[in-house]
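See structure below.
Numbering of residues begins at 1 and proceeds along the displayed sequence.
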Amino acid sequence: MKKDEGLYYKIARPDGWDFFTGKTINYREALGGTVAAPLVGEKRPELCAPGVLHASRRAEDCFQGGSIPCSLYRVQGTPVVQDDTKAGFRAMDVIKELDPAAFFKWRYAEAANPVNPFTLSPPEITPDIVATLQQWASVWDGVGASVRDGVGASVGASVRASVWASVWASVGGSVWDSVRAYIGYIFAPVVKGWEHNYPYQPAVDLWKQGLVPSYDGGVWRLHGGPTAEILWEGKP
């Protein structure tokens, strides 16, 4: 057997418990040992079904059924069923725990604790801020497809859920393009062409100052503060 043959990645809750039930298997406590799936009769093993444990060859593919924040493990085993992104095991050895913030080359720490702009004290709206909004207005229309294509599906969905939950209660769907831009920023270090020049940085610069733009098809607005108050509106 080659040294890395049968090696996979597995994510679990931050405390080590499995995502599926939160009380069946603790991967941190099992380090150096073997974990087994609860038996479900003699039913043929299926992915995303009881009776198998799931892991992936690529750590970024582990987020189907998981979320951020998480703990991350290197595991080893022989799959009984698999597809292009994940494999199912009756049992697996838990080899090592990895630090997600150090392992992932995208901004995991910020994905786990996203900036909520509406918890920040927004600045006075200056000509420089309006100029940043103008830069965003010149590129915002393509952000949806661009971020969707650039960010992996399962891990991207997990980050979207984390970021969107932080702002939805404030203003709802009117700021979705800014949310997309912030998500793209989290993954920019690993997206070709974005490493040194992220095209939607103006929205991120506003976001991190406590300002979130919205657009109704005719007028741009800047929202800020705990009630997402309109602090500026017009055509930049």
Side-chain angles (χ1 to χ4, degrees), residues 13-14 63 66-70 99-102 104-148 150-152 155-191 194-236:
R13 299 179 189 227
F63 290 91
S67 62
I68 296 171
C70 65
D99 177 6
F104 292 115
K105 303 308 179 186
W106 38 275
R107 296 180 170 98
Y108 169 86
E110 192 154 347
N113 188 28
V115 173
N116 182 342
F118 299 119
T119 64
L120 305 178
S121 297
E124 177 184 354
I125 307 302
T126 64
D128 284 346
I129 287 175
V130 175
T132 302
L133 176 61
Q134 186 174 29
Q135 293 170 10
W136 169 235
S138 70
V139 297
W140 74 275
D141 194 38
V143 66
S146 183
V147 171
R148 184 175 59 249
V151 175
V155 65
S158 184
V159 173
R160 275 195 300 275
S162 178
V163 174
W164 188 238
S166 75
V167 300
W168 172 259
S170 298
V171 292
S174 64
V175 300
W176 184 227
D177 287 314
S178 290
V179 172
R180 291 188 179 101
Y182 183 58
I183 292 168
Y185 159 79
I186 288 173
F187 290 97
V190 296
V191 177
W194 288 1
E195 313 97 308
H196 307 296
N197 184 26
Y198 181 52
Y200 308 115
Q201 188 64 39
V204 180
D205 293 341
L206 293 169
W207 184 284
K208 291 196 170 189
Q209 293 181 78
L211 298 169
V212 180
S214 68
Y215 182 57
D216 65 5
V219 174
W220 282 92
R221 296 177 176 85
L222 286 172
H223 303 262
T227 61
E229 178 185 354
I230 297 173
L231 303 176
W232 181 92
E233 60 183 329
K235 296 182 178 181

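Between Pro213 and Leu206, the shortest heavy-atom distance links the atoms CG-CD1, 3.7 Å. Minimum heavy-atom separation, Tyr198 to Ala188: CD1-CB, 4.0 Å. Shown here for Leu133 and Trp220, the closest heavy-atom pair between the two residues is CD1-CE3, 3.9 Å. Nearest heavy atoms, Pro69 versus Ala112: CB-CB, 4.0 Å. The nearest pair of heavy atoms linking Gly142 to Tyr200 is O-OH, 3.4 Å.
Inter-residue side-chain proximity for Val191 and Trp106 is flagged as unmet; no heavy-atom pair is nearer than 4.5 Å. No side-chain heavy atom of Trp136 sits less than 4.5 Å from a side-chain heavy atom of Pro236. Put simply, the side chain of Lys208 reaches to within 4.5 Å of the side chain of Tyr182, judged on heavy atoms. Put simply, the side chain of Phe63 reaches to within 4.5 Å of the side chain of Ile68, judged on heavy atoms. With a 4.5 Å cut-off on side-chain heavy atoms, Ser214 and Arg221 count as touching. Side-chain contact check for Leu211 versus Pro123: some heavy-atom pair is nearer than 4.5 Å. The shortest side-chain heavy-atom distance between Val139 and Pro199 does not fall under the 4.5 Å cut-off. Proximity of Phe118 to His223: side-chain heavy atoms (C-beta onward) are separated by under 4.5 Å at one or more points.
Leu222 CG to Thr132 OG1: the interatomic distance, rounded to the nearest 0.5 Å, is 9.5 Å. In this structure, the separation between CH2 on Trp194 and OG on Ser146 is 4.0 Å, given to the nearest 0.5 Å. A distance of 9.5 Å separates CZ in Arg180 from CH2 in Trp140, rounded to the nearest 0.5 Å.
Judged purely by atom type and a 3.5 angstrom limit, Trp207 uses its side chain to pair as donor or acceptor with the backbone of Val115.
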Inset, instruction - Please report the C-alpha distance between Gln209 and Leu120 in whole Å, then the side-chain angles of each, then the deciding distance to 0.1 Å, and finally whether the side-chain contact (heavy atoms from CB on, under 4.5 Å) criterion is met. - result: CA-CA 7 Å; Gln209 293 181 78; Leu120 305 178; over 6 Å; no

Inset, instruction - Apply side-chain contact (heavy atoms from CB on, under 4.5 Å) to Ile129 and Trp232, showing your working. - result: CA-CA 10 Å; Ile129 287 175; Trp232 181 92; over 6 Å; no

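Under a cutoff of 6.0 Å and an axis angle of 45°, Arg107 and Tyr185 form a cation-pi pair.
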